[in-house]
*Asks:* 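One structure coming up, written as structure tokens, with questions to follow.
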Amino acid sequence: MRSKPLKSGSESVVGTPALGRQLRTRPLELTVVVPTFNESTNVELLLGSLYVALEGTEWEVIFVDDDSPDDTAAVVRRLAQRDTRVRCIQRIGRRGLGSAVIEGMLASSAQYMAVIDGDMQHDERLLPLMLATLRDENLDVVIGSRHVAGGGLGNWDIRRATFSKIATKLARSVVPADLADPMSGFFILSRPAFERTVRQLSGQGFKILVDLFASTPIPYRFKEVPYTFRTRLHGESKLDGLIVWQYVMLLLDKWIGRVVPVRFVVFCAVGGSGVISHLLVLSLTLKLFSSFPIAQFFATGVAMTGNFVLNNILTYRDKQLVGKRFLSGLLRFYAICSVGILANVGIASVAFAQNYTWWISGLAGATISVVWNYSVSSIFTWNDE
Ligand code: GDD
Ligand code: MN
């Protein structure tokens, strides 16, 4: 996400007579963006609380749902039928809290944008105070923080609290600002602050606030206000081991993303593990079958399948293929890698015939095939943009 800044539509359209009949008497102030995945039991509760908390504010709410199996999107649309302030963006074939929040903000035209979880764990009653602080003190971001005086983790177990502490420490390596709770997913951002950052964002994983602070070209003016993380009453947390991995991907992107795409680095690492598993399987199967070509064929199949599974989980978690799409993706991956192998052997043989040493020839072949496999599979297997 890069290049020219977005235009904020301050140029007026009131010159057009029919537009004088718009419904709002006051301009839209606040869009509340709510990322959801399997929150059908929570969205109505949250909406009810927003009605109370935001009384007197011109607001709207955009739920960004990643095609939840529990039909959260349908529940939101039912609510939206009764109130045009409620909107739903349903994303299909994609996952990720961070990218969902970015898309919600891109669909907003308000001057201020809040982000709040859809599960009632954040304290929506703080929104008016956060908005007033942002506006009155002319700030870029106001953050609901668990780590300033008066805030708290609620009843987190020691394991989660420790993980959060480590993640917060790690965030320091990419976030220059002295932020007590960069892990927070509860904040309000001004439109100019968003617009000057949006094209630099990674959009990876859960930690959108870290992404924003690490990507802004001009340091944000910010303030943290305390709140206590509530206990989840309905539904389940989506935090799992792979969320930690995605956080590592976000940090990697901020460290080296300008030089080389993180996905490519991970793809190469998976490829490296493929070479090792290939050799292991080859040595085993050679003992079983006396024929080298059969053993080699078998080992290649195992390595390709392993690479596909790992890439699907690690490299492309946000576009993970499941069910039927997993199978068709696997077949496509086989086809792409087969061409990669041909190119590898072809290039290496030509180089070797031109009197390059064996390892330069081998490396040239391997490089060509990994670049081919990565670029073609990113388009035809995981539909990368
Ligand atoms: N669209 C979308 N896509 N939404 C998602 C996804 C996804 O892949 N994964 C989670 N969400 C939504 C959930 O439905 C919920 O509304 C919100 O994002 C937070 O997810 P939880 O699974 O409830 O997260 P948590 O309670 O463990 O983590 C919270 O604590 C962190 C602080 O350490 C979240 O508030 C984070 O935002 C916060 O950073
Ligand atoms: Mn939660």
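Each ligand, and each atom within it, is numbered from 1 in the order the structure gives. One is the number of the first residue; the rest follow in order along the sequence. Side chains included, hydrogens not; waters and symmetry mates left out as well; all remaining heavy atoms used.
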*Asks:* Going by ring-ring contact (aromatic ring centres under 6.0 Å, His included), Tyr220 matches just one of Phe194, Phe187, Phe213. Which one?
*Replies:* Phe213

*Asks:* Does any donor atom in the side chain of Ser215 or Lys254 lie under 3.5 Å from an acceptor atom in the other side chain?
*Replies:* yes

*Asks:* Nearest protein heavy atom to atom 31 (C) of ligand 1, by residue and atom, and its distance?
*Replies:* Lys207 NZ, 3.3 Å

*Asks:* Can a cation-pi geometry be assigned to Arg263 and Tyr374, taking NZ or CZ under 6.0 Å from the six-membered ring centre and within 45° of the ring axis?
*Replies:*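 Verdict for Tyr374: no cation-pi partner in Arg263.
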
*Asks:* What about Asp66: any of its N or O atoms under 3.5 Å from an N or O on ligand 1?
*Replies:* yes

*Asks:* How does Gln90 reach ligand 1, by side chain, by backbone, by both or by neither, if only non-hydrogen atoms under 4.0 Å count?
*Replies:* neither

*Asks:* What's the shortest heavy-atom distance between Glu29 and Thr57, and which atoms?
*Replies:* OE1-CG2, 3.3 Å

*Asks:* Among protein heavy atoms, which lies nearest atom 18 (O) of ligand 1, and at what distance?
*Replies:* Leu97 CD1, 3.3 Å

*Asks:* Looking only at protein heavy atoms, which one is nearest to atom 12 (C) of ligand 1, and what is the separation?
*Replies:*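 Sorting protein heavy atoms by distance from atom 12 (C) of ligand 1 puts Pro35 O, 3.4 Å first.
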
*Asks:* Looking only at non-hydrogen atoms, which of Glu39, Arg95, Arg160, Arg146 approaches atom 30 (O) of ligand 1 most closely?
*Replies:* Arg160

*Asks:* Side chain or backbone of Ser184 under 4.0 Å from ligand 1, or both, or neither, by non-hydrogen atoms?
*Replies:* backbone

*Asks:* Against the six-membered ring of Phe380, is Arg332 placed for a cation-pi contact (under 6.0 Å from the centre, within 45° of the normal)?
*Replies:* no

*Asks:* Relative to ligand 1, is Val64 under 4.0 angstrom through side chain, backbone, both or neither, heavy atoms considered?
*Replies:*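 Val64 to ligand 1: backbone contact only, side chain stays beyond 4.0 Å.
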
*Asks:* For atom 5 (C) of ligand 1, what is the nearest protein heavy atom, given as residue, atom name and distance?
*Replies:* Phe37 CB, 3.8 Å

*Asks:* With heavy atoms of Phe229 as the reference, note each atom of ligand 1 found under 4.0 Å away.
*Replies:*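 Close to Phe229: 26 (O), 29 (C), 30 (O).
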
*Asks:* Between Asp318 and Arg95, is there a salt bridge with N-O shorter than 4.0 Å?
*Replies:*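 A salt bridge is absent here (no side-chain N lies under 4.0 Å from a carboxylate O).
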
*Asks:* How far is atom 26 (O) of ligand 1 from its nearest protein heavy atom, and which residue and atom name does that atom have?
*Replies:* Gln121 OE1, 2.9 Å

*Asks:* At a threshold of 2.8 Å, where the distance has to be below it, does the Mn ion (ligand 2) have an N, O or S atom of Gln121 nearby?
*Replies:*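 Given the 2.8 Å cut-off, Gln121 counts as a ligand of the Mn ion (ligand 2).
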
*Asks:* Here's a test for you: under ring-ring contact (aromatic ring centres under 6.0 Å, His included), which of Phe308, Trp382, Phe326 qualifies with Tyr316?
*Replies:* Trp382

*Asks:* Closer than 4.0 Å to some heavy atom of Gly185 - which atoms of ligand 1 meet that?
*Replies:*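 Selected atoms, number and element: 37 (O), 38 (C), 39 (O).
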
*Asks:* Just to check, does Phe186 reach to within less than 4.0 Å of ligand 1 when the distance is taken from its heavy atoms?
*Replies:*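 No, Phe186 has no heavy atom closer than 4.0 Å to ligand 1.
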
*Asks:* For Gly96 and ligand 1, does the shortest N/O to N/O distance drop below 3.5 Å?
*Replies:*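 Looking only at distances, the answer is yes, because the N/O contact criterion of under 3.5 Å is met.
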
*Asks:* Give the contacting part of Ser237 toward ligand 1: side chain, backbone, both or neither, where contact means a heavy-atom distance below 4.0 Å.
*Replies:*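 The answer is both, backbone and side chain.
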
*Asks:* Show your working on side chain to side chain donor-acceptor pair (under 3.5 Å) between Thr31 and Tyr112 and close with a plain yes or no.
*Replies:* CA-CA 6 Å; Thr31 297; Tyr112 304 99; over 6 Å; no

*Asks:* Give the minimum heavy-atom separation between Pro219 and Arg196, together with the two atoms involved.
*Replies:* O-NH2, 4.2 Å

*Asks:* Carefully, step by step, assess Asp67 and Gln90 under the rule side chain to side chain donor-acceptor pair (under 3.5 Å).
*Replies:* CA-CA 6 Å; Asp67 209 16; Gln90 182 176 6; 2.8 Å; yes

*Asks:* How far is atom 22 (O) of ligand 1 from the closest protein heavy atom, and which atom is that?
*Replies:* Lys238 N, 2.5 Å

*Asks:* Write the atom name of the N, O or S atom in Asp119 that is nearest the Mn ion (ligand 2).
*Replies:*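 Among the N, O or S atoms of Asp119, the one closest to the Mn ion (ligand 2) is OD2.
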
*Asks:* Under 4.0 Å from a heavy atom of Ala100: give me the atoms of ligand 1 that qualify, with their elements.
*Replies:*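 Counting from 1, the qualifying ligand atoms are 1 (N).
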
*Asks:* Side chains of Gln111 and Arg135: do they bring a donor and an acceptor to under 3.5 Å?
*Replies:*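 The answer is no; no qualifying pair exists.
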
*Asks:* Nearest protein heavy-atom contact for atom 34 (C) of ligand 1: which residue, which atom, what distance?
*Replies:* Asp117 OD2, 2.9 Å

*Asks:* As an exercise, state the distance from CG of Leu250 to CD of Gln246, rounded to the nearest 0.5 Å.
*Replies:*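 These two atoms lie 9.5 Å from each other.
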
*Asks:* Run down the list Met120, Met183, His122, Arg94 and name the one with the heavy atom closest to atom 39 (O) of ligand 1.
*Replies:*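 Of the listed residues, Met183 has the closest heavy atom.
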
*Asks:* Does the distance from a Lys or Arg side-chain N to an Asp or Glu carboxylate O, for Glu224 and Arg146, drop under 4.0 Å?
*Replies:* no

*Asks:* Heavy atoms only, cut-off 4.0 Å: how does Arg232 contact ligand 1, side chain, backbone, both, or neither?
*Replies:*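 Arg232 to ligand 1: side-chain contact only, backbone stays beyond 4.0 Å.
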
*Asks:* Given that the side chain starts at C-beta and the backbone is N, CA, C, O, which of these parts of Phe206 lies under 4.0 Å from ligand 1, counting heavy atoms, or is it both or neither?
*Replies:* side chain

*Asks:* Does the pair Arg94/Glu103 count as a salt bridge with the N-to-O cut at 4.0 Å?
*Replies:*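 Yes.
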
